Every structure is written in C-alpha cells, then in structure tokens.
Amino acid sequence: MKDLIEKLKQDFTNRLDKANSASDLETLRVDFFGRKGKLNQIFKQLTRLSVEEKQKWGPYLNQLKARWQKALANKHQKLTQTAPVADFNFPAFPVPTFGRLHPIEWMRQKTLEIFTPLGFIEVDGPHIENDWYNFEGLNIPPGHPARDLWDTLYVDLKDDKNSPLLLRTHTSNIQLRALQKYKPPLKVMSFGRCFRHEVLDPRHSHTFSQFEVLVVDKNINMSHLKWLSDYFLKQILGEVTQSRFRPKYYPFVEPGVGVDAKCVFCAGQGCSVCSNSGWFEIAGAGMVHPQVLTNAGLDPDEYSGFAWGFGPDRMLMLMTGVDDIRQLYQGNLNFLKG
Ligand code: PHE
C-alpha cells in the first residue's frame with residue numbers, strides 16, 4: 001500500500017508541475033478524483049485490507065485528497081489569473097495639459113474678436129523701425145521735446161535713407177504705413193510688441209504690447225472715437241464700466257485724450273487696485289493730426305480720422321490678477337502653467 005501511494009504521490013506532483021493550462025488540470029482532476037479515478041481505485045483496494053490497515057491508510061488518503069484538491073485549485077487560479085480589472089471608481093490622475101495659449105496671445109484673440117466684427121482688418125508693422133515711421137512722420141521731429149515721452153532704444157544702424165533705426169516705441173508706426181498702403185476709407189488694427197528703455201519694475205518692462213486702431217474716412221469725428229472706446233471697454237470689462245476722456249497730449253493727434261475706465265472692482269468708489277482714484281488709465285487716443293494725414297499723402301481737408309491705442313498687458317493684469325508685467329515676457333513655464 002505504501003509503495004502504491006508513494007507512486008501515486010510522485011505521479012500527481014509530476015503532472016501538476018507539468019500542467020500549464022486549465023484543461024491539463026481538468027484531465028488531472030478526472031484522472032485522480034473522478035469516479036473511476038486513481039484515488040477511488042486505491043480507496044477500493046483499502047476495503048480489502050485489515051481493519052488496522054484501514055485505520056492507518058484511510059485518514060491518510062483523505063488528507064492527501066484534500067491537499068491535492070487544494071493544490072489543484074491553487075494552480076488553476078494561477079493559470080487563469082488575468083490582468084486586474086480596471087477600477088473605474090478610482091480617482092483620476094490629473095491629465096497633463098498639452099499647452100495652451102500664452103496670456104498675451106489670449107488677450108490678442110479676445111481683442112481681435114471684439115474689433116473684427118466691426119470691420120477692422122489686422123495689419124502689422126516692423127519691430128525695428130526707422131525714425132520717420134516711429135517719430136518724424138508722426139509729427140515728432142528730431143529734437144522735439146515730446147520725444148522724451150518715449151524712452152527709445154536705438155539700433156546702431158541707419159536705413160538706406162540714412163534714417164536712424166530703433167526698436168519701435170509704440171504701434172503708432174502702423175498709422176503711416178497703413179495709410180500709405182491702403183488709402184482711406186480704412187479701418188485697421190494692430191497688436192504687437194513695443195520696446196522702451198524703461199526702469200524695470202512690476203509695472204514696467206522693456207518689452208511690452210500695444211494694440212492700436214486707426215479709422216480714416218470722410219467726416220470721421222470725435223463721437224465715433226468716443227463710441228468705439230466705450231464699446232470696447234464694455235465688451236472687455238463688462239457693462240458695469242464706463243469710460244471717460246481727459247485731455248492729453250500726443251503729437252500725432254489733435255485733440256488728444258487719455259481714456260480711463262471706471263474701476264470694475266470698486267465701481268468708481270476708489271480702492272487699492274485703482275490707487276483710490278476710481279478710474280484706470282487704459283488707452284491713449286485722439287483725432288489724427290492734419291500733419292500726419294499730410295505726411296501720409298492725404299488731404300486733411302478731405303479726410304479725417306482717429307487713432308486709439310491701449311496696453312493689453314495692463315488690461316491682462318487687471319483681468320487675471322497677474323501682478324508683475326515681466327512675467328508675461330519671461331517664458332517661465334511655472335508661471336505659464338499656473
Ligand atoms: N502711441 C501712444 C503711446 O505710445 C498711444 C496712442 C495711440 C495715443 C493712438 C494716441 C493715439 O502711448
């Protein structure tokens with residue numbers, strides 16, 4: 001009996017080791033535990049033994065049976081185990097974003113969205129500009145004290161007409177360029193980088209953005225300018241705002257105005273954002289100076305127009321709470337992702 005069982009044990013262990021599919025295991029199970037299986041055959045043989053022998057081998061075989069059944073079940077589980085099923089209730093990991101618009105580009109698109117339906121087309125001007133388009137043609141001749149309003153960065157080169165080259169100090173260079181190129185009636189807008197020799201602080205950067213519109217046609221007057229200015233500020237800051245004009249000097253417009261928007265944080269009551277004045281200076285504007293029209297080859301008795309320009313960086317800071325203009329020009333990914 002002992003030998004028989006010993007052989008059976010070896011047989012079972014071998015076949016269990018070799019089994020590598022659920023069907024191998026099933027064959028093994030039937031061979032050993034089936035009605036005509038090897039274990040039952042041994043149990044049958046047990047009936048022929050003495051009572052003593054029965055008492056010795058009976059419980060032993062039962063234990064063996066239980067142990068093998070367990071081994072079979074374990075191996076079955078191992079072989080049929082598949083990848084864990086996805087847990088759809090598990091909290092999702094944050095999905096990395098694949099980039100987004102730079103805040104300035106976001107502001108540009110928002111601004112163009114407001115002006116495009118009004119019929120403005122976008123034009124561009126060079127960043128490195130000659131003195132004539134940036135200053136002289138805009139009624140700011142060399143030596144004119146108004147040049148001090150723009151802390152200019154000059155390039156150590158001249159253009160082919162011997163005019164000094166500089167980094168444009170404003171987008172107003174597009175005024176003359178657009179007038180020469182398109183002729184009135186004209187409604188153009190331009191959004192772009194400008195450069196000044198600033199003392200850097202959270203509100204001043206050597207590189208900054210301006211947006212400017214120019215409208216020139218017959219019979220354009222100040223009320224057109226007022227309407228457009230108001231319209232834009234309400235679109236961008238909401239209906240709660242109001243705009244006001246203050247007289248302001250720019251050599252290329254006459255009359256010139258500073259455009260203020262009523263503070264949207266305190267409804268004009270005065271707060272820390274607006275330095276207690278109730279208003280922000282948002283834009284510079286005015287009726288195009290007759291000399292500028294003449295410089296562009298137009299007859300100021302026939303045509304009139306207005307120009308209006310604002311600082312998108314400041315507007316962006318107001319709208320988003322960014323508190324340092326330099327962040328907008330540093331390409332710092334931590335800031336841009338935030
Ligand atoms: N170019 C002016 C500046 O740089 C702003 C301005 C634009 C003023 C258009 C009047 C008209 O500050």
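Predicted, not measured: the structure shown is a model, and the values here were computed from it. Just so you know, ligand 1 is whichever comes first in the structure, and atom 1 is the first atom listed for that ligand.
- For K7, the NZ atom sits in a loose shell: 12 or fewer heavy atoms of surrounding residues, nucleotides or ligands are nearer than 6.0 Å.
- Near ligand 1, heavy-atom contacts under 4.0 Å come from W150, H170, S172, R196, Q210, E212, Y250, F252, G284, A285, A307, W308, G309.
- Members clustered with L167: I128, L153, V155, L157, L165, F195, by chain and number, using a 4.5 Å side-chain heavy-atom cutoff among hydrophobic residues.
- More than 12 heavy atoms of other residues, nucleotides or ligands shown are found within 6.0 angstrom of NE2 on H102.
- Using a distance-only test at 3.5 Å, with no hydrogens or angles considered, no donor-acceptor pair links the side chain of H204 to the main chain of D201.
- In this structure, K183 places its NZ atom where more than 12 heavy-atom neighbours from other residues, nucleotides or ligands lie under 6.0 Å away.
- Shown here for I104 and S209, the closest heavy-atom pair between the two residues is CG2-OG, 3.7 Å.
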